[in-house]
Engineer: 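There's a structure below that I have some questions on.
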Amino acid sequence: MQKIPVLLDIHTHSVSSGHGTCDTISDMARTAAARSLQILGISDHGPRTAGSGGCSYFRNLLLAERKRFGISLLYGVELNILNEKGEVDLEDSLIRSLDYGLISMHHPVFQSGTASFNTTACINAMKHPGVCFLGHPDDSRFPLDYERLLAACPKYGVYPEINNASLMPAAYRTNGFQNSMEILSLCKKQKLPVLLSSDSHGREHVGDMKFIFPLLEACAFPAELVINCNPALLYRIITKKPDADVLPGLSVKDPATS
Ligand SMILES: [Zn+2]
Ligand SMILES: [Zn+2]
């Protein structure tokens, strides 16, 4: 399998996530441009993560520049799933005003339970408008029923992520390799597109998917199911308009729905 072209990375964190980096959105955009990405998405942690930005930070992103250093910028959020009901840590109207939401389970905000419990929590969280991606569903500290979870994805227009940070040798998540392989093989069978993400905290790993490529190759994952190769597919996903012919631009929100 040829190395696939990664044109976008939309799970990244700036200084506003409150941990791990002092890098600003501009610092990250400059790096993304140097690495020949077309689109950079900033998805700082929701307010329940210690030290992260509050509602006013996310509200002010609506006014942030859409182009820096020639890169198209998207502004989203990595929401914390709070409980089995799938409640998350930003109100729906604010999530909808952003370009996209990822939903993730993090210690200590989410109290992990059985695979059935965690899967129900994720599926309920998918129902929030503006949620488009499942963040790092690859961590055995939060076991999931992948068949049930991925079967629910098309119903809500939510897509799973393969997370490079989960595959790093020093990763604190567990069983990232085995779980990512299982997700990829089910997505291939189901023809469900996946999002590749660096989950970079700051500039260092922006656009870096190097630990993901061997997995794609090992399961002969088709490039046409990789969202990062297809900005138009990304825009259809985040606008929840499966048939739209939307190309990257300065604004992706339909004023009638946002
Ligand atoms: Zn996360
Ligand atoms: Zn993250």
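When a ligand or atom number is given, it counts from 1 through the structure's own listing order. Please read these numbers as outputs of a predicted model, since none were measured by experiment.
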Engineer: Please examine the side chains of N175 and D139, heavy atoms only from C-beta on, and report whether any two atoms are closer than 4.5 Å.
Structural biologist: no

Engineer: For the residue pair E87 / H128, report whether a side-chain donor-acceptor contact shorter than 3.5 Å exists.
Structural biologist: no

Engineer: Short of 2.8 Å from the Zn ion (ligand 1), name each protein N/O/S atom, waters not counted.
Structural biologist: E78 OE2, H106 NE2, H136 NE2

Engineer: For N/O/S atoms only: which one belongs to H13 and is nearest the Zn ion (ligand 2)?
Structural biologist: NE2

Engineer: Under 2.8 Å from the Zn ion (ligand 2) - does any N, O or S atom of H201 fall there?
Structural biologist: no

Engineer: Which pair of heavy atoms, one from E161 and one from H136, lies closest together, and at what distance?
Structural biologist: OE1-N, 2.6 Å

Engineer: What's the atom name of the N, O or S in H11 nearest to the Zn ion (ligand 2)?
Structural biologist: NE2

Engineer: Clusters formed by hydrophobic residues whose side-chain heavy atoms approach within less than 4.5 Å: which one holds L82, and what are its other members?
Structural biologist: V109

Engineer: Give me the atom names and distance for the closest heavy-atom approach of I25 to S14.
Structural biologist: CG1-CB, 4.1 Å

Engineer: Taking only Lys NZ, Arg NE, NH1 and NH2, and the carboxylate oxygens of Asp or Glu, determine whether D99 and R66 approach each other closer than 4.0 Å.
Structural biologist: yes

Engineer: Any side-chain heavy atom of Y75 within less than 4.5 Å of one from I10?
Structural biologist: no

